[in-house]
Amino acid sequence: MLHYSHGVVRCLTMGILSFGLLLGCTEDFEELNVDQTKLASLGAEEYPFLFSKAQSSSSYAFWRYQVAQNLFADLYAQYYATTATYFPSDRNVIRMDWMQWHWRPIYTDAVPQLKVLLRELDPASPEYAMASVTWVYAFHRLTDYYGPVPYFQAGEPLESVPYDPQEQIYDDFFKRLDAAQDVFAANAGDNAFGSFDLIYGGDVDQWLKFTNSLRLRLALRISEVDPARARAEAEAAVASGVLEDPADDALMFKTEAGTDVNGLAGISVWNEFRMSASMESTLKGYEDPRLGVYFQPVNEDGGYEGLRNGLTPAQLGDPQNLAQNNSNVGDRWVTGGGSAWARKGATPQNIMHAAEAYFNRAEGALNGWNMGGTAEELYNAGIEASMIQWGITDAAAIAAYQESEATPVAPNDFLNSPPVFNIPIDFADDEQMQRRQIATQKWLALYPDGIEAWANLRRTDMPDLYPVANSENSNLPDGGRPNRIPFIDYEKNTNAEAVQAAVGLLKGPDNVTTRLWWDVD
């Protein structure tokens, strides 16, 4: 087995892989006597570096975060609205040249590293299980943008790599998570990859909880298209143990060194987006103590302001809609103000939290699944976990919030919008309202993970957020929300035959209105 220096490994992990073709980034690498159409064999001492690279790439660092998540899923989830006139994304225009940076990091910086690990490591080892779970984490965020994607043969040296149906991809997700769950349970108390694991520092017991929580998330995703499988997967996940304590939340280490900064922190200094009117209406109406954590006031009086999604360039030119007159993200990510915002790039990246697991269990309980508690108990536990996660620990304040009958208020926005919806916090008696409450509190608790929030909005169609004020996408004339991202131009130019075949795997045309496999009308 060939062994390379760490410098060459870093070159390898940062290279561009176009479905199996690794392009060397130094002359030294090209001089190595290896088959250039395949990943090189690496020694065990390099495996931790590969794992770190795959982890980091799967969550999108720095500017890639903007074009992979912020300008699309974050806007569709209505966590933010754009203030920059040169971004049409908020008006439902999808810049397909930007979308490659949601796609390529997975196939260039995650798949090659993970395939080496999954090929070389013992399947019974926790290191293998961690790589397999990371594979699922990366690909579920990818497939839930587009539907079918190259999956089973991703990274293979083929001229045309086929796209796989989303239902088959999800089936493999569950198989991987089930196998990883068994491995972690069998290696309880062990450590794998140590500090090279950017989330849990190699703690196998924490990885078991993360794996089960991801399994629960994906079980809810398929709950309307395959309810029997969803129940079985969800109950197995809860029985094995999911995230329950905010101290166990999955947070990815970030650093100011290089470009591996926290993505949200890195782009929040550019004054190109601010709090949405949907968030303003909800957080203000609920008198939510997370308001001052999620966002920052725009004036000394402590006023928080947001704006509607989909404003035109002319509307964005109104003083009320300028960036400086609307709330930036909280000081967890940036400090300062005006033209002097300073990023806090070493802030850990939010990956998954106990609060989400509680809300998923609450919904599962309403479905009649064994979730280890009633829907109301789990709903209130989710609220408490989210509050604690964000530093709100006053038990009386949390209880008062849980029992509140408050509803959203009209935001002080440019369009004089009414309250975004009419959903109280205190758990209701009728099931339909309970489902709306769970979806609403989960939407708030998922912040700032717009990718997961958008997926949940598509699946449940809850909560009812404001329609896009102005849509410039002919497929969404009523200002609706995209259901998926079309297949990207980069793939149409380099893998055209496979893309054309993939269109036949969709439930409709290759556009934003077609729902994904798990997204039932």
Side-chain angles (χ1 to χ4, degrees), residues 11-25 30 35-39 54 57-58 60-73 76 86-89 91-115 138-166 168-169 451 472-476 482-514 516-517:
C11 164
L12 174 66
T13 61
M14 296 177 67
I16 298 296
L17 181 79
S18 179
F19 303 113
L21 180 61
L22 183 67
L23 304 179
C25 55
E30 292 175 352
D35 183 348
Q36 293 295 299
T37 66
K38 297 181 180 179
L39 280 171
S57 300
S58 68
Y60 304 110
F62 198 19
W63 64 266
R64 289 183 176 182
Y65 182 95
Q66 182 181 46
V67 286
Q69 176 170 330
N70 180 258
L71 288 174
F72 299 98
Y76 304 154
Y86 45 83
F87 284 149
S89 309
R91 299 185 295 279
N92 287 332
V93 176
I94 299 176
R95 284 280 304 268
M96 301 310 296
D97 55 334
W98 293 348
M99 286 313 308
Q100 66 177 305
W101 297 112
H102 176 266
W103 181 277
R104 291 175 65 170
I106 303 302
Y107 289 107
T108 65
D109 295 339
V111 166
Q113 339 306 330
L114 293 174
K115 287 197 68 113
F139 268 104
H140 95 282
R141 287 155 61 87
L142 189 81
T143 184
D144 287 347
Y145 259 43
Y146 312 98
V149 295
Y151 181 79
F152 291 102
Q153 297 184 70
E156 296 299 318
L158 304 174
E159 291 186 4
S160 179
V161 179
Y163 284 51
D164 298 296
Q166 194 174 36
Q168 294 181 15
I169 295 172
I451 289 181
E472 296 176 1
N473 188 317
S474 61
N475 290 308
L476 294 169
N483 291 323
R484 64 179 287 272
I485 302 295
F487 296 130
I488 66 173
D489 291 344
Y490 174 79
E491 273 289 285
K492 291 176 181 177
N493 294 331
T494 61
N495 198 23
E497 181 181 343
V499 173
Q500 186 59 42
V503 174
L505 301 176
L506 297 171
K507 294 193 293 186
D510 179 27
N511 63 31
V512 296
T513 64
T514 295
L516 300 185
W517 163 70

Heavy-atom closest contact (Ser57 atom, Asp109 atom, distance) = OG-CB, 2.9 Å
Side-chain donor/acceptor of Thr143 to backbone N/O of Phe139, under 3.5 Å | no
Sorted by chain and residue number, the ring pair (Phe, Tyr, Trp, His ring centres under 6.0 Å) partners of Phe72 (sequence neighbours excluded) come out as none
Run through Tyr146, Tyr490, Trp98 and flag the one making a ring pair (Phe, Tyr, Trp, His ring centres under 6.0 Å) with Trp103.
-> Tyr146
Can you list the residues that meet the side chain to side chain contact (heavy atoms under 4.5 Å, CB included) rule with Asp97, with sequence neighbours excluded?
-> Arg95
Between Gln100 and Ile488, what is the shortest heavy-atom contact and its length?
-> CA-CD1, 3.9 Å
Going by the side-chain hydrogen bond (donor to acceptor under 3.5 Å, both in side chains) test, which pairs reach into residues 496-509, not counting sequence neighbours?
-> none
With Tyr145 via ring pair (Phe, Tyr, Trp, His ring centres under 6.0 Å) - residues at least two apart | His102, Trp454
Considering all heavy atoms of both residues, which atom of Pro150 and which atom of Val161 are nearest to each other, and what is their separation?
-> CB-CG1, 3.8 Å
For residues Leu505 and Pro148, report the shortest heavy-atom separation together with the two atoms involved.
-> CB-CG, 3.7 Å
Would you say Asn473's side chain and Asn92's backbone share a donor-acceptor pair under 3.5 angstrom?
-> yes
Ignoring hydrogens and angles, tell me if any N or O in the side chain of Asn483 forms a donor-acceptor pair with the backbone of Thr513 under 3.5 Å.
-> yes
Apply side chain to side chain donor-acceptor pair (under 3.5 Å) to Asp144 and list each qualifying residue two or more places apart in sequence or on a separate chain.
-> Gln166, Tyr170, Arg221, Trp518
Taking side chain to side chain contact (heavy atoms under 4.5 Å, CB included) as the test, write out the residues that go with Asp510, two or more places apart.
-> Arg484, Pro486, Phe487, Lys492, Val503, Leu506
